Amino acid sequence: MTLPDTATHPAAADHTFQVDLRGLVDLLSHHLYSSPRVYLRELLQNAVDALTARHGIEPDAPADAFAIRMYADGAVVRVEDDGVGLTEADVHTFLATIGRSSKRAERIAEQRGDFIGQFGIGLLSCFLVADEIHVVSRSARTPDAPAVEWRGRGDGSYTIRTLPASARPRPGTTVTLTPRADAEEWTRPAKVHALAGHFGALLRHPVTFDDGAGGPGVPVNPEPAPWGRTYPTPGTRARALAAYGEEVFGFTPLDTIDLDLPAVGLKGIACVLPEAVPAGRRHGHRVHVKGMLLSEQAEEILPEWAFFVRCVVDAESLRPTASRESLYEDDTLAAVRDALAERLRAWIARAAASDPDLLTRFLQAHHLAVKSLAVHDNEIMRMLLPWLPFETTDGHTTLDAFARAHRTVLVTSSVEEFRQVAAIASAAGLGVVNGGYTYDRELVHRLPEIRPEVSVADLDPATLTAHLDPVDRETELAAAAYLALAREALAVFDCDVALRTFQPASAPALLMDSREARHERTRSQLAREQDGGLWGDILGALRQEAPRAQLILNQLNPLVRTAVAIDAPELARTSAEALYGQAALLSRRPLRPSESSLINRSFLDLLAHALRKDS
């Protein structure tokens, strides 16, 4: 490798990135933050972190010795804290350098987990509502430190000056914004008060709001979180938590579940939804970090199967993303998610063991969620499988009740297969479960694990056919000509025709045809059409003996007895096509275009025959 000749190639000059602050603010407003309202959250967060830092240097001070005061009168918005404050050097270092955070300074690096924000960009959010940020601060770290004033403007310029101590007698920081006209929606006194309560209701430090009307400041967070309060009885506590859940989420919980993970400093509640939700639909959860509201739509806090609850939690150790509107996916979050899942499993177990009424109401609303959990959780499966409802030939019933009535349980592979055979199987005394819904077939096959006396098998068409009584030989011979014409007419659908007797007598025909059989016939048809060539060889290698559908006519049905006695060949063919079409409709499976055409044609032919006969 040849190195460049430094004599002919002088060393490259170093340059510094230039930051277009207006462009950066536009980037924040449109891509990092979801709404201009977050400016107040960022101001609150900075105040809380300042108080946390001051507590670090004055650990013996009472918990309520330091506070946050907010003021908004329509002309200005002001947030004042009794926190650690800043020196002039701190102001140059942290306020005037984008991305540098005092929470990452070496002197408190080992403690930064105590702080909400660590990214050094929060103050920029104030430019979403104001063109200038005015900060007056006095450090608590340096005795007799003077007050420092910093004015930052949206064009990227700023000024700093030292003020007399009287400008701020006590340590702390005051941030003042003069809102732009287009930000009035977010800076009116009522709105500022509402946002303060929205973001800061669970903060540990006292927060008050003053609207400039002359009265005393109104507490924003007068009480601790509801799970942290003292109640006279467990019942009182349960009602208070349910009322809080209703206030936050807008529904009365079926029950509330305490969430307490001391290892990560997480507390909160899960509210069980009183009604079912669509499968896979994940609700957002309300997550606070160190008391500050982070997100109302945090899906990642719980596993996907837990869509039957909505949570509100406050955590110490979860990390927010740079926008502080979602959680950073790391090992801690994964561990929290697993631990909360265990809390939900434990609640289900307690309900199963001690509160059957609650369990019944829960399963009526959320059986799909529990089924999805039971598939992957052996303990839940053994505990709740007998109580889960299934669609069966005995109606919608629990698997436990169904197993008591049927020692052999048959399960279909699809909903349409169940609908084809349900009435006939029920009349024949067979116990069939609809296994076509999500998780059902897999769970039914696990029933012998908790009820060894019960056997489970997939429903084979031959099993059902074996329970249909054959007709006597004389009847079979009398119907032979009709059956031959019917087979010829339905050959295009790969359908055989047989004559049997079965209940109910009102059912003229039963079409036995599985989805797998139809797919195999389609593949065979493609192989025939692609005779030769690479694609034909591939399909030929995959081809098996294509199973045929079977139309079973019911000799007990008056319409069938009339049909098999028809002498006219065309009318016999038409009646067979009509019986096939009616059986296909009753199966409720999607019809092929050729089947829809057959149903229309056979109906019109039969109608024409009836009109000719009457004329």
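What you see is a predicted model, and the numbers here were worked out from it, not measured in a lab.
- Annotation for Asn557 and Ser506: closest pair ND2-O, 3.4 Å, computed over non-hydrogen atoms.
- Listed by first and then second residue, the salt bridge (Lys or Arg N to Asp or Glu O under 4.0 Å) pairs involving residues 372-386 are Arg345-Asp377 (not counting sequence neighbours).
- Residues Pro508 and Leu579 are in side-chain contact: their nearest non-hydrogen atoms beyond the backbone lie under 4.5 Å apart.
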Between Phe390 and Val409, does a side chain to side chain contact (heavy atoms under 4.5 Å, CB included) hold up when you go through it step by step?
CA-CA 12 Å; Phe390 290 82; Val409 175; over 6 Å; no
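- Across all non-hydrogen atoms, the minimal contact from Val497 to Arg487 is O-NH2, 2.8 Å.
- Between Ala583 and Leu511, the shortest heavy-atom distance links the atoms CB-CB, 3.8 Å.
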Go through Leu340 and Cys311 one step at a time and tell me if the side chain to side chain contact (heavy atoms under 4.5 Å, CB included) criterion holds.
CA-CA 10 Å; Leu340 293 181; Cys311 295; 5.7 Å; no
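- Contacts classified as salt bridge (Lys or Arg N to Asp or Glu O under 4.0 Å) and involving residues 424-441 (residues at least two apart or in different chains) are given here: Lys371-Asp440, Arg441-Asp458.
- Here the CG atom belonging to Leu468 is positioned 7.0 Å from the CG atom belonging to Leu510, to the nearest 0.5 angstrom.
- Trp305 and Tyr439 have their aromatic ring centers separated by at least 6.0 angstrom.
- Distance alone, capped at 3.5 Å, places no donor-acceptor pair between the Thr256 side chain and the Ala242 backbone.
- Residues meeting the salt bridge (charged side-chain N to carboxylate O under 4.0 Å, His left out) test with Arg500, sequence neighbours left out: none.
- Side-chain atoms of His366 come within 3.5 Å of backbone N or O of Leu273 as a donor-acceptor pair.
- Under the 4.5 Å side-chain criterion, counting only non-hydrogen atoms from C-beta, Cys271 is in contact with Phe251.
- Partner of Arg337 under the salt bridge (charged side-chain N to carboxylate O under 4.0 Å, His left out) criterion, out of Glu342, Glu300, Glu329: Glu329 alone.
- Between Val336 and Ile301 there is a side-chain heavy-atom pair separated by less than 4.5 Å.
- Rounding to the nearest 0.5 Å places CD of Glu442 at 10.0 Å from CE of Met381.
- At least one side-chain heavy atom of Val421 sits less than 4.5 Å from a side-chain heavy atom of Met512.
- Taking 4.5 Å as the limit, some side-chain heavy atom of Leu410 sits within range of a side-chain heavy atom of Thr408.
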Take Arg343 and Leu261, measure what side chain to side chain contact (heavy atoms under 4.5 Å, CB included) needs, and give me the verdict at the end.
CA-CA 10 Å; Arg343 296 296 188 275; Leu261 304 178; 3.1 Å; yes
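- For Asn434, the side-chain contact (heavy atoms from CB on, under 4.5 Å) partners at least two apart in sequence or on another chain are Glu391, Thr412, Val415, Phe418, Tyr437.
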Can you list the steps and then say if Leu358 with Trp347 is a side chain to side chain contact (heavy atoms under 4.5 Å, CB included)?
CA-CA 11 Å; Leu358 174 61; Trp347 175 83; 3.9 Å; yes
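- Considering CG of Leu459 and CG of Leu430, their distance stands at 8.0 Å, rounded to 0.5 Å.
- Sorted by first and then second residue, the ring-ring contact (aromatic ring centres under 6.0 Å, His included) pairs with a member in residues 563-597 read Phe493-Tyr580; sequence neighbours excluded.
- Residues satisfying the salt bridge (charged side-chain N to carboxylate O under 4.0 Å, His left out) criterion with Arg407, sequence neighbours excluded, are Glu453.
- Considering every non-hydrogen atom in both Leu368 and Thr438, the closest pair reads CD1-O, 4.2 Å.
- For the residue pair Lys191 and Glu185, the shortest heavy atom distance occurs at CG-O, 3.2 Å.
- Partners of Glu246 according to the salt bridge (charged side-chain N to carboxylate O under 4.0 Å, His left out) rule, which considers only residues two or more places apart in sequence or in another chain, do not exist here.
- Sequence neighbours left out, the pairs with a member in residues 596-606 that pass side chain to side chain donor-acceptor pair (under 3.5 Å) are Glu577-Arg601.
- Atoms CG and CG, on Leu344 and Leu302 in that order, are 6.0 Å from each other to the nearest 0.5 Å.
- When side chains are defined from C-beta on, Val456 counts as touching Pro448, because their heavy atoms get closer than 4.5 Å.
- Partners of Glu476 by salt bridge (charged side-chain N to carboxylate O under 4.0 Å, His left out), not counting sequence neighbours: none found.
- Here the CZ atom belonging to Arg419 is positioned 9.5 Å from the OG atom belonging to Ser414, to the nearest 0.5 angstrom.
- The distance from the CG atom of Leu202 to the CH2 atom of Trp227 is 5.0 Å, given to the nearest 0.5 Å.
- In the displayed structure, Asp338 atom CG is contacted under 6.0 Å by more than 12 heavy atoms of other residues, nucleotides or ligands.
- Judged as a ring-ring contact (aromatic ring centres under 6.0 Å, His included), not a single pair has a partner in residues 553-578 (not counting sequence neighbours).
- Partner Leu385 forms a side chain to side chain contact (heavy atoms under 4.5 Å, CB included) with one of Ile380, Ile450, Thr398 and no other, that one being Ile450.
- With sequence neighbours left out, the ring-ring contact (aromatic ring centres under 6.0 Å, His included) criterion links Phe402 to His406.
- In Phe603, the CZ atom is not crowded: 12 or fewer heavy atoms of neighbouring residues, nucleotides or ligands sit closer than 6.0 Å.
- The existence of a salt bridge linking Asp255 and Arg350 is excluded, since no basic side-chain nitrogen approaches an acidic carboxylate oxygen closer than 4.0 Å.
- Taking both residues in full, the closest heavy atoms of Ala509 and Leu553 are given as CB-CD2, 3.9 Å, listed atom of the first, atom of the second, then distance.
- In this structure the side chain of Val411 reaches within 4.5 angstrom of the side chain of His445, judged on heavy atoms.
- Using a 4.5 Å cut-off on side-chain heavy atoms (C-beta onward), Leu399 and Leu388 make no contact.
- Side-chain N or O atoms of Glu417 include one that pairs as donor or acceptor with a backbone N or O of Ser413 at under 3.5 Å.
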Show me the donor-acceptor pairs within less than 3.5 Å that the side chains of residues 566-574 make with the rest of the protein, sequence neighbours left out.
| residue | atom | partner | partner atom | Å |
| --- | --- | --- | --- | --- |
| Arg573 | NH1 | Glu488 | OE2 | 3.4 |
| Thr574 | OG1 | Glu570 | O | 3.0 |

